[in-house]
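Hydrogens, waters and symmetry mates play no part in the numbers below; they use all other heavy atoms, side chains included. Because the structure is predicted, anything quoted here is derived from the model rather than measured. Below, read A as the first sequence line, B as the second, and so on, with proteins coming before strands; counting in each chain starts at 1.
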2 protein chains.
Amino acid sequence: MEAEGTKDRIINIAGSIFGRFGFQKTTVDEIARAAHKAKGSMYYYFRSKEELFQEVVEAESKVFSRELAKAMNQGNTAKEKLANYTRTRIHLVREMANYYEAMKNDYLVHLDFIETIRKKYDYEEKVRIKMILIEGIANNEFEIGNEDLTAQVLLTILKGFEMPFLLNHKDYEIDNKIECLLRILVRGLEKC
Amino acid sequence: MEAEGTKDRIINIAGSIFGRFGFQKTTVDEIARAAHKAKGSMYYYFRSKEELFQEVVEAESKVFSRELAKAMNQGNTAKEKLANYTRTRIHLVREMANYYEAMKNDYLVHLDFIETIRKKYDYEEKVRIKMILIEGIANNEFEIGNEDLTAQVLLTILKGFEMPFLLNHKDYEIDNKIECLLRILVRGLEKC
DNA sequence: TAGTCGACCAAAATACAATATTAGTCAAAA
DNA sequence: TTTTGACTAATATTGTATTTTGGTCGACTA
């Protein structure tokens with residue numbers, strides 16, 4: 001028996017094809033052929049093309065989440081955790097930029113199921129940031145009025161930082177910017 | 001001169017039409033009719049539709065700039081200036097969100113002359129923020145390693161903040177978020 | 001002479017019908 | 001349980017006739 005089930009194999013293959021061509025320009029038959037299956041078989045595992053895509057995004061988000069959690073836990077203090085989280089997040093998103101590139105065409109076609117997924121992962125991320133903040137408050141590292149609002153704002157900042165390279169603008173100074181941003185954020189949250 | 005008045009009138013009328021329908025879906029003839037002129041007359045004042053649009057953007061950017069400068073100068077300290085600048089900028093962009101709405105269709109058609117304008121005004125804005133920072137350092141309000149990089153990062157944060165409502169997501173908590181952001185930024189830059 | 005006009009043109013956008021792909025189904029079979 | 005490929009309705013694409021649009025120009029005027 002293969003370590004990887006058929007369904008997971010399809011998800012992986014679909015992921016690489018969706019990543020190259022986006023949701024709309026990828027056909028179910030194309031994925032089926034790449035997976036050496038008949039198109040009909042796809043509908044044994046997934047109710048629709050949308051559901052297949054959703055599972056691909058879900059799987060990739062899990063990897064994203066795991067990497068982020070790992071980076072975060074490599075720090076001892078809340079400050080370090082926030083810093084590692086920020087650095088890793090920005091770099092991960094940057095690596096995924098070419099992935100987003102293919103999705104750009106789908107972007108205006110406002111697929112509302114994507115919106116749903118996005119919201120869910122935004123929420124998860126906010127919770128994770130909030131946890132760092134709460135830990136920092138408990139540690140006497142941070143002094144924050146409203147952790148929930150602050151977590152939301154930090155997430156907005158992080159998401160804003162990805163915009164430049166989400167829209168082609170290459171940024172060779174990104175590492176300097178990240179450190180500069182972190183200096184402001186950490187000092188801004190710090191208990192002094 | 002009378003001619004200068006006509007040109008400005010055309011720019012204003014064109015602005016409101018471009019604002020409603022975007023660059024592509026607005027026709028030169030439409031603008032001409034609204035200005036009670038023949039289409040040919042448009043080409044007496046502007047070399048092309050692009051140039052007309054460019055002048056519209058230029059004019060509106062000037063208003064934007066002036067409002068920002070005004071808000072900024074209402075503060076006495078650098079901290080106040082930064083705060084006023086931030087608040088005004090975010091609110092101005094939000095008011096313009098419906099304007100951007102119409103432009104969304106043009107967005108993917110990557111009009112590179114728009115990119116040029118954007119770069120120019122980004123630079124101006126960065127300079128303005130940098131001036132606040134330098135003033136703050138001179139005042140002993142701020143303590144900043146690299147003002148240029150910091151100004152760039154602040155601009156990136158501000159531009160990131162506009163993304164949510166640039167993409168429909170209405171945000172009823174925006175004022176709380178702005179104050180929360182400002183608290184972080186000001187404390188993050190503060191000399192303590 | 002600065003400003004306006006509208007007929008005119010080539011290029012681009014649109015409309016529409018014919019054609020081809022595609023998402024999704026299903027009965028049969030492995 | 002899993003796979004298949006023929007099948008269909010809906011969607012997308014293509015080719016083409018038609019219209020619209022950006023832009024020009026010579027004539028006109030105040």
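Contact annotation: the side chain of Leu149(B) approaches that of Glu173(A) to within less than 4.5 Å [non-hydrogen atoms, C-beta and beyond]. Between Glu58(A) and Tyr121(A), the closest side-chain pair of non-hydrogen atoms falls below 4.5 Å. The side-chain heavy atoms of Phe46(B) and Val28(B), taken from C-beta on, include no pair separated by under 4.5 Å. Annotation: side chain of Leu133(A) is in contact with side chain of Thr150(A) (closest heavy-atom distance under 4.5 Å). Side-chain contact check for Ile31(B) versus Phe18(B): some heavy-atom pair is nearer than 4.5 Å. Contact of the Ser48(A) side chain with the Glu51(A) side chain is registered, since non-hydrogen atoms from C-beta on lie closer than 4.5 Å.
The residue Phe46(B) sits apart from the nucleic acid: no heavy atom pair falls under 4.0 Å.
Under the 4.5 Å side-chain heavy-atom criterion for Ile, Leu, Val, Met, Phe, Trp and Tyr, Ile132(A) and Leu68(A) are members of the same hydrophobic cluster.
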| note | Letter by letter from the 5' end, nucleotides 23-30 of chain C scores (B base, S sugar-phosphate only, - none; protein heavy atoms under 4.0 Å) BBB-----
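Chain B approaches DNA chain D over the interval dT21(D) to dT24(D), counting the first and last nucleotide 5' to 3' with an atom under 4.0 Å from its heavy atoms.
Ionic pairing of Lys126(B) and Asp122(B) is not present here: no N-O contact between side-chain nitrogen and carboxylate oxygen is shorter than 4.0 angstrom.
The CE-P distance, from Met42(A) to dT22(C), rounds to 15 Å in whole Å.
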